[in-house]
Amino acid sequence: MNWSENDAAAHGAAVGERESADPVTNPWGTTRNTGADLHASRPERTYPVPEPVDEHGPARIVALCNQKGGVGKTTTTINLGAAIAEYGRRVLLVDFDPQGALSVGLGRLDPRELDLTVYNLLMQRDVTVEDVLLKTDIDGLDLIPSNIDLSAAEVQLVGEVAREQMLGRALRPVIDDYDVVLIDCQPSLGLLTVNALTAADGVIVPLECEFFALRGVALLMDTIQKVQERLNEDLVIDGFLGTMYDPRTLHAREVLSTIIDGFGDKVYGTVINRTVRFPDATVAGEPITRFDSSSAGANAYRDLAKEVLARWPLSGHGA
């Protein structure tokens, strides 16, 4: 099933016949200036601490994707990965953005000084994933870094046979070594993002709780649907994640309510609030779960990790 047949049904059921409430065509819907807060009214669900695993793999590959920048993709990749690793899973983070923000934010790496990155893994046949992979200071958390060289791959891949499947083939040798692979996509819907979606089992869509974050949802859904139909029929949308949420503002509550109204159970119950501790942790080159372990942000990502793992299929994929 693809988005148009399956997830769109849930989307339509949540919205009902009120086209004006569709977050794709009219992000404000009927919650504009009503003060509606569907997040607060949703039944609160608690998820159990994941059981330890006796063996690792095969990994579930998840692309964190949104063509709008600044919505929390990299922050979520780092902190969700670290939180899942805390629960005994082996996690691989793939920096698939030429800006290299994930590489900088996780280990204070200077991307310009890296000899081998995901670019070399894609474009050089003699480079293996083991050559590129870096260990982090977080137990169970590894990284495939990126830098500006990756921007050239978008052009160079055009002439390659099966160009959309390059990343999936490159990751295949280590899939059995990990429980989860998280791919931090660049803020665009170009060939690199299509590669990530083709390699992935699922997609997590971070959405900033701000009006403009909703405007590109239709294009993103269209891209995911095309990948489902032509390249990866098993791809599913794992969920939409509200980020940078400030419950004190009516604007943020309206936007989050619109997301819930439109996408229903596809929206994670966990919401990531706006806090200065996230940029502080990024500067320190650490996940929030280590930089400020007892903070609300750290606990939010631990809650998200429990919810994400609980929602995944029980057979394999690190569940």
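This chain uses plain numbering: 1 for the first residue, then up along the sequence.
A donor and an acceptor atom, one from each side chain of Thr74 and Asp184, are located under 3.5 Å apart. Side chains of Gln225 and Glu229: a donor on one and an acceptor on the other come within 3.5 Å. Side chain to side chain, Arg302 and Ser293 meet the donor-acceptor criterion of an N or O pair below 3.5 Å.
Looking at heavy atoms from C-beta onward, Leu197 lies out of side-chain contact with Asn232 at the 4.5 angstrom threshold. When side chains are defined from C-beta on, His251 counts as touching Phe211, because their heavy atoms get closer than 4.5 Å. Using a 4.5 Å cut-off on side-chain heavy atoms (C-beta onward), Asp149 and Pro98 make no contact. The closest side-chain heavy-atom distance from Asp115 to Asn120 is not below 4.5 Å. Between Asn195 and Phe96 the shortest side-chain heavy-atom distance falls below 4.5 Å. Arg290 has its side chain within reach of Ile138: a pair of non-hydrogen atoms, C-beta onward, lies under 4.5 Å apart. Here the side chains of Ile183 and Leu64 are not in contact, with every heavy-atom distance at 4.5 Å or above. Using a 4.5 Å heavy-atom threshold, the side chains of Leu241 and Val205 count as separate.
Taken to the nearest 0.5 Å, the CZ atom of Arg311 stands 14.5 Å off from the NZ atom of Lys306. Between the CZ atom in Arg89 and the CG atom in Leu141 there is a gap of 14.5 Å [rounded to 0.5 Å]. Rounding to the nearest 0.5 angstrom, the gap separating the CZ atom in Arg60 from the CG atom in Leu309 is 10.5 Å. Atom CZ of Arg274 sits about 9.0 Å away from atom SG of Cys209, to the nearest 0.5 Å. For the atom pair CE of Met123 and CG of Leu150, the computed distance is 10.0 Å after rounding to the nearest 0.5 Å. Atom CD1 of Ile144 sits about 11.5 Å away from atom CG of Leu116, to the nearest 0.5 Å.
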>> side-chain contact (heavy atoms from CB on, under 4.5 Å), that's the test. Do Val236 and Val203 meet it? Break it down for me.
In response: CA-CA 6 Å; Val236 299; Val203 185; over 6 Å; no
> Taking it one step at a time, do Leu167 and Thr198 satisfy side-chain contact (heavy atoms from CB on, under 4.5 Å)?
Replying inline: CA-CA 8 Å; Leu167 179 62; Thr198 303; over 6 Å; no
>> Glu254 vs Leu250, test: side-chain contact (heavy atoms from CB on, under 4.5 Å). Steps then yes/no.
In response: CA-CA 6 Å; Glu254 287 176 339; Leu250 176 61; 3.6 Å; yes
> Can you list the steps and then say if Asn273 with Asp246 is a side-chain contact (heavy atoms from CB on, under 4.5 Å)?
Replying inline: CA-CA 6 Å; Asn273 285 8; Asp246 186 347; over 6 Å; no
> Hey, mind stepping through Asp95 and Ser103 against side chain to side chain donor-acceptor pair (under 3.5 Å) and telling me if it holds?
Replying inline: CA-CA 7 Å; Asp95 190 346; Ser103 304; 2.8 Å; yes
> Stepwise, does the side chain to side chain donor-acceptor pair (under 3.5 Å) test hold for Thr76 with Tyr301?
Replying inline: CA-CA 8 Å; Thr76 295; Tyr301 274 109; 2.9 Å; yes
> Going through the distances and angles, do Thr128 and Asp131 end up as a side chain to side chain donor-acceptor pair (under 3.5 Å)?
Replying inline: CA-CA 5 Å; Thr128 67; Asp131 296 330; 3.1 Å; yes
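Taking hydrophobic clusters as Ile, Leu, Val, Met, Phe, Trp and Tyr residues chained together by side-chain heavy-atom distances below 4.5 Å, Val91 does not share a cluster with Tyr47. Put simply, Val217 and Met244 are part of two different groups of oily side chains (I, L, V, M, F, W, Y) that touch within less than 4.5 Å, one to the next. Note: the hydrophobic cluster containing Leu133 also contains Val94 (ILVMFWY, side chain heavy atoms under 4.5 Å, direct or indirect links). Using a 4.5 Å cut-off between side-chain heavy atoms of Ile, Leu, Val, Met, Phe, Trp and Tyr, with links allowed through other members, Val71 and Tyr245 fall into different hydrophobic clusters. Both Val308 and Leu182 sit in one connected hydrophobic cluster of ILVMFWY residues. Membership requires side-chain heavy atoms under 4.5 Å apart, directly or through other members.
What you find for Cys65 and Leu220 is that their closest heavy atoms are SG-CD1, 3.6 Å. The shortest non-hydrogen separation linking Pro187 to Lys68 is CB-C, 4.0 Å. Summarising the geometry of Gly202 relative to Asp238, their closest heavy-atom pair is CA-OD2, 3.6 Å, with the distance given to 0.1 Å. Looking at every heavy atom in both residues, Ala59 comes nearest to Val181 through CB-CG2, 3.8 Å. Of all heavy-atom pairs between Asn299 and Ser294, the closest is ND2-O, 3.6 Å. Shortest non-hydrogen contact noted between Val174 and Leu92 is CG2-CD2, 4.2 Å.
For Glu307 (side chain) and Thr270 (main-chain N/O), a donor-acceptor pair under 3.5 Å exists by modelled atom type. Of the possible polar contacts, none joining the Arg163 side chain to the Leu157 backbone as a donor-acceptor pair under 3.5 Å is found. Looking at Ser151, its side chain does come within 3.5 Å of a backbone N or O of Ile148 through a donor-acceptor pair. Thr243 contributes no side-chain N or O that, together with a main-chain N or O of Pro206, makes up a donor-acceptor pair within less than 3.5 Å. At distances below 3.5 Å, at least one donor-acceptor pair connects side-chain atoms of Asp201 with backbone N or O atoms of Ile61. Although no hydrogens or angles enter the test, the distance criterion places a donor-acceptor pair under 3.5 Å between the side chain of Thr193 and the main chain of Ser188. The main-chain N or O of Thr75 is found under 3.5 Å from a side-chain atom of Asn79 such that the two form a donor-acceptor pair. Looking only at distances, no side-chain donor or acceptor of Ser146 sits under 3.5 Å from a matching main-chain atom of Gly100.
The existence of a salt bridge linking Glu164 and Arg230 is excluded, since no basic side-chain nitrogen approaches an acidic carboxylate oxygen closer than 4.0 Å.
A salt bridge (charged side-chain N to carboxylate O under 4.0 Å, His left out) with Arg90 is found for exactly one of Asp179, Asp176, Asp177, Asp142, namely Asp142. The side-chain hydrogen bond (donor to acceptor under 3.5 Å, both in side chains) with Gln186 is formed by just one residue from the set Gln99, Glu154, Gln67, Lys73; it is Glu154.
Counting heavy-atom neighbours within 6.0 Å of Asp54 CG, excluding the residue itself, gives a total of 12 or less. When the shell of 6.0 Å around CG of Asp265 is examined, it contains 12 or fewer heavy atoms from other residues, nucleotides or ligands.
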